[in-house]
Amino acid sequence: MAKCYRVEKSAIHGKGLFARSNIAEGTVLGFCATRPAREAGLHTLTMADGRLIDVTCSLKYINHHKSANVIYYDDFSVVALRDIAAGDELLHDYGDEWS
């Protein structure tokens, strides 16, 4: 199955993920490949229990924005929060410390 996103240059930060085609609300975009991390880096998720997890697949290129259109869940799935148009950047709200 082809991925519904692609990595491109982002106006927000370095590289980003962009929708290849329209993506419907609730679509599971994939599951993050991960590994435990000892310290926070550019592509590190901080879990509720304080563990640090590095995302090692292309989903790591989802940039932060307060108007998020995707979300990471605890099972490392990434899901569309709303309908996303082809060409739109995929964005997640990483929290107030990223504002």
Side-chain angles (χ1 to χ4, degrees):
M1 184 169 140
K3 292 180 181 171
C4 60
Y5 53 83
R6 64 185 178 277
V7 178
E8 291 184 9
K9 182 174 169 58
S10 169
I12 293 173
H13 178 77
K15 294 179 182 177
L17 281 192
F18 293 81
R20 284 186 185 270
S21 57
N22 293 337
I23 300 171
E25 177 181 351
T27 298
V28 176
L29 303 175
F31 290 83
C32 296
T34 63
R35 68 174 174 237
R38 292 185 187 184
E39 58 185 47
L42 186 57
H43 304 292
T44 304
L45 299 174
T46 303
M47 306 308 291
D49 63 5
R51 288 178 302 133
L52 299 175
I53 305 292
D54 280 342
V55 177
T56 60
C57 63
S58 59
L59 292 169
K60 69 185 178 183
Y61 295 115
I62 295 173
N63 283 318
H64 164 76
H65 198 280
K66 284 304 205 181
S67 297
N69 56 16
V70 302
I71 188 168
Y72 289 100
Y73 284 113
D74 288 343
D75 66 354
F76 300 111
S77 62
V78 177
V79 178
L81 290 170
R82 58 178 169 80
D83 291 344
I84 302 169
D88 283 356
E89 186 167 1
L90 305 180
L91 303 166
H92 173 73
D93 183 353
Y94 289 147
D96 292 335
E97 65 274 11
W98 285 85
S99 297

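This structure is a prediction, so every number in the text was calculated from the model and none was measured. When a residue number appears, it is its place in the shown sequence, counting from 1.
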Handout entry: Set of side chain to side chain donor-acceptor pair (under 3.5 Å) partners for Asp54, sequence neighbours left out
Key =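 Counting only residues at least two positions away or on another chain, Asp54 forms a side chain to side chain donor-acceptor pair (under 3.5 Å) with Thr44.
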Practice task
Please identify each residue that fulfils side chain to side chain donor-acceptor pair (under 3.5 Å) with Ser10, with sequence neighbours left out.
Solution key: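 So Ser10 forms a side chain to side chain donor-acceptor pair (under 3.5 Å) with Asn63, Glu89.
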So, do [X] and [Y] sit near enough that their side-chain heavy atoms are less than 4.5 Å apart?
{"X": "Asp93", "Y": "His64", "value": "yes"}
{"X": "His13", "Y": "Leu42", "value": "yes"}
{"X": "Ile23", "Y": "Leu90", "value": "yes"}

Handout entry: Gap separating the CG atom of Asn69 from the CD1 atom of Ile62, nearest 0.5 angstrom
Key =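 Nearest 0.5 Å value for the CG-CD1 distance: 8.5 Å.
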Handout entry: Rounded distance [0.5 Å steps], NZ in Lys15 versus NZ in Lys9
Key =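 Between atom NZ of Lys15 and atom NZ of Lys9 there are 11.0 Å.
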Problem - Hydrophobic cluster (4.5 angstrom, side-chain heavy atoms) - remaining members for Phe18 - result: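 The other cluster members (ILVMFWY side chains, heavy atoms under 4.5 Å, direct or chained): none.
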Handout entry: Cluster companions of Leu91 among Ile, Leu, Val, Met, Phe, Trp, Tyr (side-chain spacing under 4.5 Å)
Key =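 Listed partners: Ile12.
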Exercise for the section: Name all pairs fulfilling the salt bridge (charged side-chain N to carboxylate O under 4.0 Å, His left out) condition that reach into residues 38-53, sequence neighbours left out, sorted by first residue then second. Expected result: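 Matches after skipping sequence neighbours: Asp49-Arg51.
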Output side-chain donor-acceptor pairs under 3.5 Å for residues 73-87, partner residues at least two apart or in another chain, one line each.
| from | atom 1 | to | atom 2 | distance (Å) |
| --- | --- | --- | --- | --- |
| Asp75 | OD1 | Ser77 | N | 2.9 |
| Asp75 | OD1 | Ser77 | OG | 2.6 |
| Asp83 | OD1 | Glu25 | N | 2.8 |

Practice task
Work out which heavy atom in Arg20 is nearest to a heavy atom in Arg6; give both atom names and the distance.
Solution key: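 Nearest heavy atoms, Arg20 then Arg6: CA-NH1, 3.1 Å.
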Exercise for the section: Apply side-chain contact (heavy atoms from CB on, under 4.5 Å) to Thr56 and list each qualifying residue two or more places apart in sequence or on a separate chain. Expected result: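 Testing Thr56 for side-chain contact (heavy atoms from CB on, under 4.5 Å), a comparison that skips the adjacent residues, returns Ala33, Arg35.
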Exercise for the section: Applying ring-ring contact (aromatic ring centres under 6.0 Å, His included), name anything that partners Tyr61, two or more places apart in sequence or on another chain. Expected result: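 In terms of ring-ring contact (aromatic ring centres under 6.0 Å, His included), with neighbours along the sequence ignored, Tyr61 is linked to His43.
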